[in-house]
There are 2 protein chains.
Amino acid sequence: MTATFYQNKDSFLVAADCIIMGFHENELNILVSRRQIEPLKGGWSLMGGFVNAPESIDEAAERIFGEFTGIKDIFMEQVGAYGEINRDLGERVISIAYYALVNIDEFDTSLAEKYDARWVRLTQLPELVFDHNKMVKDTIGILQRKAAVKPIGFNLLGDQFTLPTLQSLYESIYQESIDKRNFRKKLMTMDILEKLDEKDKSSSKKGAFYYKFNKEKYDQLIQQGLHFSL
Amino acid sequence: MTATFYQNKDSFLVAADCIIMGFHENELNILVSRRQIEPLKGGWSLMGGFVNAPESIDEAAERIFGEFTGIKDIFMEQVGAYGEINRDLGERVISIAYYALVNIDEFDTSLAEKYDARWVRLTQLPELVFDHNKMVKDTIGILQRKAAVKPIGFNLLGDQFTLPTLQSLYESIYQESIDKRNFRKKLMTMDILEKLDEKDKSSSKKGAFYYKFNKEKYDQLIQQGLHFSL
DNA sequence: GCAAAAGTGTTTCAGGTACACCCATGA
DNA sequence: TCATGGGTGTACCTGAAACACTTTTGC
């Protein structure tokens with residue numbers, strides 16, 4: 001028999017909403033879907049669901065994320081809790097937002113069909129239901145602050161990528177253009193990339209060399225107390 | 001008759017916990033209290049309480065904060081949601097943490113007695129119940145990142161303060177010592193302080209001039225797109 | 001007159017920013 | 001051969017960090 005310590009207290013539905021970001025065609029994209037249930041059924045929405053009793057809120061977010069993407073083991077962090085009384089037009093729901101950075105190539109497109117989900121460019125984000133636009137905005141803020149200091153951007157790319165791609169990723173995060181010489185200089189100073197022999201010739205005739213992120217070296221540098229700023 | 005949109009979903013107790021920080025005797029202090037209820041009654045705890053149905057989570061945090069301090073209109077921001085299954089030993093409770101920066105002089109000490117609350121130095125923080133130590137740690141992280149970029153530190157001081165005091169505040173936040181010449185130079189460059197004629201002679205024979213934060217000037221500079229880093 | 005804290009400048013160095021041309025290749 | 005995107009180096013400037021002595025005044 002479980003003791004009930006806290007009596008006569010109100011309880012609440014708790015949801016987890018996922019801001020799922022990918023990088024595609026040189027732009028940040030966000031996964032949105034047509035809402036499956038009333039109210040606002042059919043409206044553009046983030047991927048969300050209710051927290052179940054036997055799971056932590058982090059676990060709920062991971063479960064929901066997996067249901068919509070088919071991806072597991074992903075970079076995911078909390079954005080914050082959203083608790084305005086009427087934020088959800090259905091009932092009182094407190095929502096915890098999480099953002100995830102995914103390599104869009106691993107994304108299971110069959111699930112996208114099932115949930116009527118699609119990737120939209122961040123720059124062309126439609127009006128979303130409830131306070132979901134605010135969640136996205138808050139996420140971008142976190143991303144900008146965090147990407148400056150930690151190499152989280154690599155989560156959005158595959159194992160190998162070209163410098164022009166990496167640069168447009170950062171331009172997309174900061175929403176401003178960067179001088180390519182300065183960008184490359186800074187990266188080379190950091191010494192956390194490994195140049196490969198192969199070239200990507202898909203976007204130019206000359207071709208751009210592939211690089212890969214050297215996590216070992218990065219961890220090593222961090223351990224030495226070095227700081228980054230990208 | 002209210003429509004119930006979401007059925008068969010689990011619901012949860014939701015709490016708000018407040019990390020209340022003040023600055024006293026050249027150190028950051030945190031308000032902690034002896035927990036009033038089981039389980040862990042008598043353990044050191046943050047100021048917390050349950051969210052009630054008719055209030056948003058922000059409102060709940062403000063209410064709880066007011067109950068314990070007697071202060072209103074305070075700088076307060078969310079830290080995040082804590083939702084491990086067994087984080088609260090009593091029942092499943094999801095907690096939203098908020099931090100508040102207060103001028104310790106406005107604090108109503110009679111309330112402190114009522115709740116068996118006291119200010120403890122951050123450097124000598126005791127073991128707290130549940131995951132409250134993690135909440136504090138996360139708050140310090142936020143504070144360090146934020147104080148570097150926004151003049152939030154002034155919320156911890158009265159209208160007027162001396163530069164040595166301001167410096168120890170920042171030293172306390174960053175938990176490292178700062179060269180006073182560099183500190184002053186940077187502040188003067190920013191041009192957001194106003195020097196007063198009066199001196200504080202409480203901590204030295206010579207006395208230190210009082211300054212006040214010039215919010216108008218600060219807002220003006222921000223509007224011009226200037227950035228700070230302290 | 002001395003102890004104790006307040007106040008004050010200069011030099012050095014690293015990192016940020018601005019900027020323009022050549023290279024490799026497929027069509 | 002030309003159009004397209006990839007790749008490279010330098011000069012300047014700002015801001016961070018290191019560093020030591022003088023001033024005031026209560027005791």
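Below, chain A is the first sequence line, B the second, and so on; all start at residue 1.
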Determine, for B/Arg63 against B/Glu59, whether the closest basic-nitrogen to carboxylate-oxygen distance falls under 4.0 angstrom.
no

Could you tell me how far apart A/Arg184 (CZ) and C/dG16 (C1') are, to the nearest whole angstrom?
18 Å

Looking at C/dT17, does its base get a donor-acceptor pair with the side chain of A/Lys185 below 3.5 Å?
yes

Can a salt bridge be assigned to the pair A/Asp131 and A/Arg87 using a cut-off of 4.0 Å between side-chain N and carboxylate O?
yes

Does anything in residues 166-182 of chain A come within less than 4.0 Å of DNA chain C? Heavy atoms only, and list the residues if so.
A/Asp179, A/Arg181, A/Asn182

Between C/dT17 atom P and A/Leu230 atom CG, what is the distance in whole Å?
12 Å

Should the heavy atoms of other residues, nucleotides or ligands under 6.0 Å from CZ of B/Arg34 be counted, would the total exceed 12?
yes

Note: B/Lys72-B/Glu62 ion pair, threshold 4.0 Å (strictly below)
no

Is there a donor in the side chain of B/Asp200 and an acceptor in the side chain of B/Thr162, or the other way round, less than 3.5 Å apart?
no

Would B/Arg118 and B/Asp116 pass as an ion pair if we require N to O under 4.0 Å?
yes

When the distance from CG of A/Leu187 to C1' of C/dG16 is rounded to whole Å, what number comes out?
14 Å

Under 4.0 angstrom, heavy atoms only, what part of the nucleic acid is A/Thr189 near: base, sugar-phosphate, or nothing?
nothing

Nearest whole angstrom, please: distance from the P of D/dG15 to the CE of B/Met190.
11 Å

Take atom CZ of B/Phe183 and atom P of D/dA16, then tell me their distance rounded to the nearest Å.
13 Å

Between A/Tyr82 and B/Asp58, is any side-chain donor less than 3.5 angstrom from a side-chain acceptor?
no

Aromatic ring proximity A/Phe213/A/Phe161, centre distance under 6.0 Å
no

Around atom CD of A/Gln224, are there more than 12 heavy atoms from other residues, nucleotides or ligands closer than 6.0 Å?
yes

The correct set of residues in residues 204-212 of chain A placing a heavy atom under 4.0 Å from DNA chain C is A/Lys205, A/Lys206

Please work out if A/Ser203 contacts a base, only the sugar-phosphate, or nothing of the nucleic acid, heavy-atom cut-off 4.0 Å.
sugar-phosphate

Atom CG of A/Asp200 and atom C1' of D/dG7 are separated, to the nearest Å, by 15 Å

To the nearest angstrom, how far is B/Met188 atom CE from D/dG15 atom P?
17 Å

